[in-house]
Amino acid sequence: MKQIHLSSVHISGNEVNYIKSAIGRGEVSNYGENLDLFEKQLETYFSKKSKIALLNSGTAAIHLALIQLGVKYGDEVICQSFTFSASANPVVYQGATPIFIDSEPETWNMCPNYLETAILDRISKGKKPKAIILVHSFGMPAKINELVPIATKYEIPIIEDAAEALGSTYNKQKCGTFGDYGIISFNGNKIVTTSGGGALICKTNEIKEKTMYLATQARSNEAYYHHTEIGYNYSMSNIVASIGIAQMEVLDEYVLLRQGVNKFYQEFFKNVDGIEVFKEPNSKFISNHWLTCVLIDETKAGFNNDDLRLELLKHNIEARFLWKPMHLQPVFEKHPFYGNDISETLFKKGLCLPSGSNLSQDEKNKIKEVITKFILDNKK
Ligand SMILES: *Cc1c(COP(=O)(O)O)cnc(C)c1O
């Protein structure tokens with residue numbers, strides 16, 4: 001049997017038609033009809049107030065948001081610790097210092113209490129943080145209703161990392177539209193993909209234009225190449241956008257499928273002692289369930305997350321640990337951290353299970369069979 005992946009690319013079938021049309025017009029670089037179409041499609045999706053700057057990665061989108069917020073050498077930026085490293089890396093690209101915040105147990109995202117503690121402490125040390133990077137980990141919306149008022153109170157802008165949360169909503173509003181800047185990713189492992197790419201969700205047309213200017217080497221509008229600022233090569237290609245159009249057409253369907261995978265696991269583990277499936281705290285939170293995660297209590301289950309991971313691997317089924325928190329990463333260990341052991345415990349107990357929108361019934365049966373046998377074998 002072929003490997004069952006954690007999350008694999010799910011082709012809709014229409015991608016090739018858009019790619020062909022782009023090639024037919026000779027539009028294979030960073031301009032063309034499909035880029036315009038993809039941009040409009042996303043602006044419609046996020047509502048007219050959101051302006052979309054198409055980029056070559058979600059990481060680039062975070063970087064360009066930090067630059068436009070004036071984050072420079074020596075500055076401090078608050079960042080959720082429980083996340084993929086790409087949330088924090090661009091802070092370091094700017095020569096600034098990430099200040100890491102622990103999670104709270106309901107959404108696994110930034111803890112509002114530690115956020116406020118950190119802001120007050122940094123201010124008392126004479127350094128007001130320049131920005132707050134919030135993350136909706138695994139597609140689960142963060143506690144927007146508590147986090148946004150804190151940011152507003154201290155007048156610190158929010159960069160909302162919705163890379164994993166395309167299709168998730170909080171209080172019926174789409175993730176990515178709460179912050180001063182929102183970022184999404186079209187990397188190959190995300191809910192939809194362009195083969196690789198990202199976007200910055202901007203509040204105004206001016207910001208969108210400034211983003212695209214920075215993303216195309218910061219060329220001033222002259223007959224010759226004139227530069228007054230350092231630019232970047234961060235724009236998206238028209239071929240990549242072609243794939244994106246076809247993928248956006250099926251986004252709603254793929255979200256339903258991922259949510260269906262989550263329901264499958266919830267049903268399966270309902271009566272299993274020691275395995276808890278991560279789900280929304282209440283009906284205001286709607287996760288796209290990009291990845292379904294479980295927490296394993298070793299004393300009850302008789303095995304830990306790594307035991308289950310290795311057992312699945314033996315059967316060619318991919319499972320992965322949750323994020324190792326950034327404050328525990330060797331590369332970031334010198335940076336300040338505000339929190340306790342919430343994210344660390346999630347890392348120690350958690351496992352992500354195969355969650356793709358293309359997970360077949362046969363694959364679900366296989367996963368169920370392997371895990372059921374493992375649970376029985378460990379019961380003594
Ligand atoms: C994937 C991801 C990113 C980065 O996106 P890329 O398009 O891969 O650069 C940033 N933040 C989080 C939380 C992600 O999961």
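Positions are given from 1 along the sequence. Counting starts at 1 for both ligands and their atoms, following the listed order. Here the structure is a predicted model, which is why all the values come from computation and not from measurement.
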Checklist outcome for this item: Short version for Asp161: what comes under 4.0 Å of ligand 1, heavy atoms counted, is side chain
Checklist entry - Is the closest heavy-atom distance from Gly197 to ligand 1 below 4.0 Å? => result yes
Checklist entry - Looking only at heavy atoms of Lys190, does any of them come nearer than 4.0 Å to an atom of ligand 1? => result yes
Next on the checklist: Tell me whether Gly198 reaches ligand 1 (any heavy atom closer than 4.0 angstrom to a ligand atom).
Outcome noted: no
Item to check | Polar contact flag for Thr83 and ligand 1 (N/O pairs, less than 3.5 Å) | outcome: no
Checklist entry - Which word best sums up how the rings of Phe332 and His335 line up, parallel for under 30°, tilted for 30 to 60°, or perpendicular for over 60°? => result tilted
Checklist entry - Does the ring center of Phe84 lie less than 6.0 Å from the ring center of Trp323? => result yes
Let me have the donor-acceptor pairs involving side chains of residues 55-70, under 3.5 Å, with sequence neighbours excluded, atom names and distances please.
unit_1	atom_1	unit_2	atom_2	d
Asn56	ND2	Asn233	O	3.2
Ser57	OG	Thr59	N	3.4
Ser57	OG	Ala60	N	2.9
His63	ND1	Tyr234	OH	2.8
His63	NE2	Gln94	OE1	2.8
Gln68	NE2	Leu64	O	3.2
Gln68	NE2	Thr211	OG1	2.9

Next on the checklist: When you measure from the side chain of Asn187 to the backbone of Thr193, do you find a donor-acceptor pair of N or O atoms at a distance under 3.5 Å?
Outcome noted: no
Checklist entry - Do any nitrogen or oxygen atoms of Ser185 lie less than 3.5 angstrom from nitrogen or oxygen atoms of ligand 1? => result yes
Checklist entry - Any chance CG of Asn282 has more than 12 other-residue heavy atoms, nucleotides or ligands included, within less than 6.0 Å? => result yes
Next on the checklist: What I want to know is whether Gly58 and ligand 1 share at least one N or O pair that is separated by under 3.5 angstrom.
Outcome noted: yes
Checklist outcome for this item: From the list Ser355, Ser287, Ser7, side-chain hydrogen bond (donor to acceptor under 3.5 Å, both in side chains) with Arg258 holds only for Ser7
Checklist entry - Does any N or O atom in Glu164 lie less than 3.5 angstrom from one in ligand 1, N or O only? => result yes
Checklist outcome for this item: Residue, atom and distance of the protein heavy atom nearest atom 8 (O) of ligand 1 read Asn187 ND2, 3.0 Å
Residues 294-303, side-chain donor-acceptor partners within the protein, below 3.5 Å, at least two apart:
unit_1	atom_1	unit_2	atom_2	d
Asp297	OD1	Thr299	N	3.2
Asp297	OD1	Thr299	OG1	2.7

Checklist entry - Does the side chain of Gln247 pick up a donor-acceptor pair with the side chain of Glu15 at under 3.5 Å? => result yes
Checklist entry - How far is atom 9 (O) of ligand 1 from its nearest protein heavy atom, and which residue and atom name does that atom have? => result Thr59 OG1, 2.5 Å
Checklist outcome for this item: Per-atom filter on ligand 1: closer than 4.0 angstrom to a heavy atom of Ser87 are 11 (N), 13 (C)
Checklist entry - What atoms of ligand 1 come closer than 4.0 angstrom to any heavy atom of Ala86? => result 3 (C), 4 (C), 10 (C)
Checklist outcome for this item: So for Ser57 against ligand 1, with non-hydrogen atoms under 4.0 Å, the contacting part is both
Checklist entry - Does the side chain of Asp102 pick up a donor-acceptor pair with the side chain of Ser343 at under 3.5 Å? => result yes
